[in-house]
Amino acid sequence: MRKPVKKASESKVILITGASSGLGKACAEALVERGHTVYGTSRRAKFLDNSSDPNALKMIPMDVNDDISVNRAIAHVIDAAGVIDVIVNNAGYGIAGAIENTTIDEAKALFDTNFFGVHRVCRAALPYLREQGFGHIINIGSLGGVVSIPFQAFYSASKSALASLSNGLSMELKPFGISVTRIEPGDYHTGFTANRIFVAAIDPAGVYGERCSRAIAVMEQDEQNGADPEGLANILVKIIESKHPALNYRVGIFMQRLLISLVPFLPDRILEKLLMSLYKI
Ligand SMILES: NC(=O)c1ccc[n+]([C@@H]2O[C@H](COP(=O)([O-])OP(=O)(O)OC[C@H]3O[C@@H](n4cnc5c(N)ncnc54)[C@H](OP(=O)(O)O)[C@@H]3O)[C@@H](O)[C@H]2O)c1
């Protein structure tokens, strides 16, 4: 039998984007168990108040690519709960393929979700958060944004850009009592692998063919053997309930965190060789 979870001393109102699957779902469920009021988003959810349990996870529709959908979801939470204590910007996906074979539209679509999606949610929520005078924005980046992953470079670029945005946002929001944290996970076993988009011009027989296929196979294997999303959920609970959350947390498998911690000390060409060897290219 599972040990009952101790309730948090202070219940918070939390919005998590992309809570239908993987990390977002595990985090939403863990936060509900702690007694928080949790709104999770999915593009497939509907505004239905059909939950007989007021403490259950409340799923609401949001497409982070769509201003109207984002504004509507934020307004819904404010109407229903009166405040938003924490926003977890988690919705995102991966893209695989050579940079040369990626169209501008494919790259823009990825940035629209992974980067501008976070911007959209922040723009919609910040007027409320500033007015209430408190709030915590948590952005889910990736260790793949700290180093560039070959044949998934646009994903890495979107997460590097998000790290930079998070740092700037944190400084801009200090006077308003709003804190910003980014979490950079290594590989986790989620729907991410199945939901990864392959660029349309991926060409197994082309000039990048074999190297691209080998790199993607390594990524997929690392994700399948990745950490359990419940582990990240437990860390997120601690971050949300902490009085002084840090600016950045790197989480996941020990060896991946160790490698990333060595990055600032490795000469660039050595790091490049190491990554090329890890991804078998
Ligand atoms: N798994 C890993 O190894 C790993 C590692 C580092 C970082 N991450 C990051 O963790 C986050 C969650 O990924 P995951 O691993 O949990 O993947 P997942 O199982 O595929 O879940 C992705 C979630 O994002 C939502 N989503 C995707 N596009 C959306 C859009 N346009 N608008 C709203 N929601 C959207 C999906 O919801 P609907 O489809 O229901 O709308 C789903 O709930 C992502 O930002 C990912 O980059 C994952």
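Start at 1 and go down the list; that is how both ligands and their atoms are numbered. Treat the numbers as computed from the prediction; the structure is a model and nothing was measured.
Of all atoms in ligand 1, numbered sequentially from 1 with element shown, those under 4.0 Å from a heavy atom of R44 are 38 (P), 39 (O), 40 (O). Residue-ligand proximity, S20 to ligand 1, at heavy-atom distances under 4.0 Å covers atoms 36 (C), 37 (O), 38 (P), 40 (O), 42 (C), 43 (O). Close approach to S42 involves these atoms of ligand 1, each under 4.0 Å from a residue heavy atom: 38 (P), 40 (O), 41 (O).
For L258, the CG atom counts as densely surrounded, since its 6.0 Å shell holds more than 12 non-hydrogen atoms of other residues, nucleotides or ligands.
At the shortest separation from atom 18 (P) of ligand 1 among protein heavy atoms lies S21 OG, 3.5 Å.
The residue K25 has no part lying near ligand 1, judged by heavy-atom distances below 4.0 Å. Residue contacts with ligand 1, taken as heavy atom pairs separated by less than 4.0 Å, involve D63 via backbone and side-chain atoms alike. Contacts between V64 and ligand 1 below 4.0 angstrom, taking non-hydrogen atoms only, involve backbone and side chain alike. Only the backbone of A19 comes within 4.0 Å of ligand 1, counting heavy atoms alone; no side-chain atom from C-beta on gets that close.
A side chain to side chain donor-acceptor pair (under 3.5 Å) with R182 holds for exactly one of N89, N167, N139; it is N167. The side chain to side chain donor-acceptor pair (under 3.5 Å) with R120 is formed by just one residue from the set N65, D66, D112; it is D112.
Under a 4.0 Å heavy-atom criterion, G141 is in contact with ligand 1. Taking 4.0 Å as the cut-off, G117 does not count as a neighbour of ligand 1 on heavy-atom distance. Look at G226 and you'll find every heavy atom at least 4.0 Å from all atoms of ligand 1. At least one heavy atom of N65 sits closer than 4.0 Å to an atom of ligand 1. The shortest separation from a heavy atom of E184 to ligand 1 is not under 4.0 Å, leaving the residue out of contact.
Distance alone, capped at 3.5 Å, places no donor-acceptor pair between the D85 side chain and the G135 backbone.
Around atom 1 (N) of ligand 1, the closest heavy atom drawn from T190, D222, L143 belongs to T190.
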